[in-house]
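All chains are named by letter (A, B, ...) in the order of the sequence lines, taking the proteins before the strands, and each is independently numbered beginning at 1. Here the structure is a predicted model, which is why all the values come from computation and not from measurement.
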Amino acid sequence: MIDLKYLQNNFVEASAKLQKKGVESATLENLQILFKRLKESNAKLESMKAEQNAMSKLFGQYKKEGKDIGELKAKVDANKEAMLPVQEKAREAQEALYEVALAIPNFPDESVPEGANEEDNVELRKVLEPRSFGFKPKEHWELSQINGWIDFERGVKLAKSRFAILKGEASRLERALINFFLDINRKKGFEEYSVPFINNAMMLQGTGQLPKFGDDLFKIEDEDLYLIPTAEVPLTNMYNDEILSEKALPLLMTAYTPCFRKEAGSAGRDTRGIIRQHQFSKVEMVAIAHPDNSEEVFEMMVEHASDILSQLKLPHRVVELCGGDLGFSAARTIDLEVWLPGQNKYREISSVSNTRDFQARRAKIRFKDGNKNRLVHTLNGSALAVGRTIVAIMENYQNEDGTIEIPEVLKRYM
RNA sequence: CGGGAGAUGUCAGAGUGGUCGAAUGUGCCGGUCUUGAAAACCGGUGAGGGUAAUACCUCCGGGGGUUCGAAUCCCCCUCUCCCGGCCA
């Protein structure tokens with residue numbers, strides 16, 4: 001959630017920032033009005049409550065002293081009656097404010113380039129040259145057919161479309177990648193976790209998936225529970241509603257989890273192959289950082305993810321997302337896009353974001369700064385998306401006959 | 001899923017209708033002492049909102065109710081622990 005006090009006091013600036021993310025200024029004006037209304041009704045309610053409390057105290061005193069309480073009771077009853085509509089109004093103001101506030105995206109950083117969609121993202125650098133093939137490289141789904149790696153039909157039978165089965169060598173490759181990623185993350189200082197793949201609604205609100213993006217989530221029937229769309233949710237929310245000691249920061253965490261996404265609104269996109277599935281494997285990094293140095297942690301995470309791709313000898317490029325392509329919670333995001341020779345395109349394989357205090361405010365994650373409590377900064381990034389790494393290995397390591405080499409660094413894992 | 005017990009500050013744990021945001025211990029921070037540390041002693045120390053700062057408001061798992069007044073009484077829910085069932 002954005003800082004409402006900041007919005008209140010710096011409305012023009014705040015509104016200009018959110019314009020980058022396509023938020024109408026009318027929405028913000030409305031939010032400002034709701035905030036003001038809440039403050040007013042709260043002030044009124046609180047003063048009435050103070051009066052009520054004072055009278056109740058008197059009441060006890062009178063009774064003890066044996067004084068007549070008839071008149072006081074009449075006053076207290078009247079005040080109580082008068083308080084009801086004020087209370088109701090304050091409650092409504094609170095609800096109205098939160099409904100709007102929780103749907104406002106994070107402020108983008110000043111450095112975020114202007115732009116409407118991914119066309120306007122800015123390439124920062126390319127890492128490694130794509131190799132030249134002496135033949136026309138195939139797409140991963142063709143290769144999977146040749147090698148018998150992916151069973152699309154039976155995946156669909158078991159669940160529905162956009163579910164697939166990895167078989168044999170491909171399944172082993174997935175396991176190898178998970179281990180490789182976790183090991184390399186651990187060496188970088190990320191503590192490894194194994195977390196629940198199902199989280200409750202409060203946690204999903206903490207990281208920003210709810211209430212606005214419920215349509216993208218698989219919900220457990222009759223329960224207040226959801227399949228996680230990324231390990232960012234459990235890892236970040238481990239510290240939901242906690243106050244950390246300053247010494248503990250930064251907390252660096254990593255976990256492998258399957259991720260479940262409904263992919264609402266992606267109909268027709270990437271329907272062939274395993275680029276976009278309802279369930280996919282991912283190893284995620286999450287950092288809970290001191291607000292003074294979260295940007296350094298961010299750079300470190302980007303470098304680290306890029307380094308993993310380099311170790312796999314996968315050509316990729318580093319891309320800064322423009323305002324329009326930035327996710328809901330992110331102040332800044334850098335994507336790593338891996339080269340897919342079969343598709344003849346760079347495709348996203350990791351996305352590293354600094355959400356600053358946006359998730360921390362929602363999830364109430366704070367740290368002790370002296371004797372005051374301050375919001376932490378939270379960051380997350382894939383290291384890496386496993387399914388897409390398999391695709392990248394298939395396409396980049398293919399031979400003319402369709403067979404696939406295994407990257408050197410993975411050999412000891414297979 | 002069935003039976004019993006419970007949910008209070010970092011933790012342990014008192015508190016059964018008013019002066020209780022909450023005893024005491026512990027932890028943590030600061031100080032005295034010490035070459036340094038430990039021990040001992042002294043002081044400080046829950047969270048959120050509000051204010052220029054005070055006032056002031058809210059919070060004793062969550063929601064509702066009774067009452068002038070609820071951590072304390074009543075109802076519902078959730079969770080935890082123990083016993084049994086089922087089970088990796």
Review point. Now, which nucleotide makes the Watson-Crick or G-U wobble pair with rC68(B), with each of the two distances under 3.5 Å?
Key: rG18(B)

Point to revise | Side-chain (R356(A)) to main-chain (A331(A)) donor-acceptor, under 3.5 angstrom | key: no

Review point. Quantified in whole Å, what is the C1' atom distance between nucleotide rU10(B) and nucleotide rG27(B)?
Key: 6 Å

Study note, to complete from the structure: Rounded to whole Å, CG of D3(A) lies from P of rG48(B) at a distance of 14 Å

Review point. Pairs in or reaching into residues 14-70 of chain A: which pass ring-ring contact (aromatic ring centres under 6.0 Å, His included), with residues at least two apart or in two chains?
Key: none

Practice item. Report the distance from atom CG of N373(A) to atom P of rC29(B), rounded to the nearest whole Å. Key: 16 Å

Review point. Which whole number of Å gives the distance between the C1' atom of rA14(B) and that of rA7(B)?
Key: 15 Å

**Study point:** Mate of rC59(B) where both pairing distances stay under 3.5 Å, Watson-Crick or G-U
**Key:** rG46(B)

Review point. Distance between the C1' atoms of rG46(B) and rA71(B), in whole angstroms?
Key: 15 Å

Check your understanding: For the pair made of CZ in F367(A) and C1' in rC28(B), what is the distance, rounded to whole Å?
Key -> 17 Å

Point to revise | Nucleotide opposite rU78(B) in a Watson-Crick or G-U pair, distances under 3.5 Å | key: rA7(B)

Check your understanding: Using the P atom in both, what is the distance from rU32(B) to rA38(B), to the nearest Å?
Key -> 14 Å

Point to revise | Rounded C1' spacing from rG17(B) to rC60(B) in Å | key: 15 Å

Review point. Centres of the H290(A) and F367(A) rings: under 6.0 Å?
Key: yes

Practice item. For E242(A) and rC28(B), give me the distance from atom CD to atom P, rounded to whole Å. Key: 18 Å

Exercise for review: If a protein heavy atom is under 4.0 Å from the base, mark B; if only from the sugar-phosphate, S; if neither, -; do that for nucleotides 49-58 of chain B going 5' to 3'.
Suggested key: BSS----SSS

Point to revise | Flag for H278(A)-E263(A): side-chain donor and acceptor within less than 3.5 Å | key: no

Report, one pair per line, the protein and nucleotides 66-69 of chain B atoms (nitrogen or oxygen only) whose separation is under 3.5 Å.
{"residue": "rC68(B)", "atom": "OP1", "partner": "K73(A)", "partner atom": "NZ", "Å": "2.4"}
{"residue": "rC68(B)", "atom": "O2'", "partner": "S56(A)", "partner atom": "OG", "Å": "3.0"}
{"residue": "rG69(B)", "atom": "OP1", "partner": "K80(A)", "partner atom": "NZ", "Å": "3.4"}
{"residue": "rG69(B)", "atom": "OP2", "partner": "K80(A)", "partner atom": "NZ", "Å": "3.4"}
{"residue": "rG69(B)", "atom": "O4'", "partner": "S56(A)", "partner atom": "OG", "Å": "3.4"}

Point to revise | Interatomic distance where CZ belongs to R374(A) and C1' belongs to rA47(B) [whole Å] | key: 18 Å

Check your understanding: How many Å lie between CG on L244(A) and P on rA47(B), as a whole number?
Key -> 14 Å

Review point. Any sub-3.5 Å donor-acceptor pair from R366(A)'s side-chain atoms to I243(A)'s backbone N or O?
Key: no

Check your understanding: Does any non-hydrogen side-chain atom of N237(A) lie less than 4.5 Å from one of V233(A)?
Key -> yes

Exercise for review: Starting at atom CG of D241(A), determine the distance to atom P of rC79(B), rounded to an integer number of angstrom.
Suggested key: 18 Å

Revision key, fill the gap. Which of L336(A), V391(A), L340(A) passes side-chain contact (heavy atoms from CB on, under 4.5 Å) with I349(A)? Answer is L336(A)

Practice item. Report yes if the distance between the aromatic ring centroids of F260(A) and F280(A) is under 6.0 Å, otherwise no. Key: no

Review point. C1' atom, rC11(B) versus rG3(B): distance in rounded Å?
Key: 31 Å

**Study point:** 4.5 Å side-chain heavy-atom contact, T257(A) and E284(A)
**Key:** no

Check your understanding: Which value, in whole Å, describes the distance between the P atoms of nucleotides rA37(B) and rC29(B)?
Key -> 13 Å

Check your understanding: Salt bridge or not for E95(A) and R91(A), using N-O below 4.0 Å?
Key -> yes

Check your understanding: If we take the P atom in both rG50(B) and rG13(B), what is their distance in whole Å?
Key -> 36 Å

Exercise for review: Quick one: label L58(A) by what it contacts on the DNA or RNA (base, sugar-phosphate, nothing), any heavy atom closer than 4.0 Å.
Suggested key: nothing

Check your understanding: Is it true that Y226(A) and F218(A) have ring centroids separated by less than 6.0 Å?
Key -> no

**Study point:** Opposite nucleotide pairing with rU32(B), Watson-Crick or G-U, both atom distances under 3.5 Å
**Key:** rA40(B)

Exercise for review: Provide, to the nearest angstrom, the distance between the CE atom belonging to M202(A) and the P atom belonging to rC79(B).
Suggested key: 14 Å

Revision key, fill the gap. The Watson-Crick or G-U wobble partner of rU51(B), with both key distances under 3.5 Å, is none

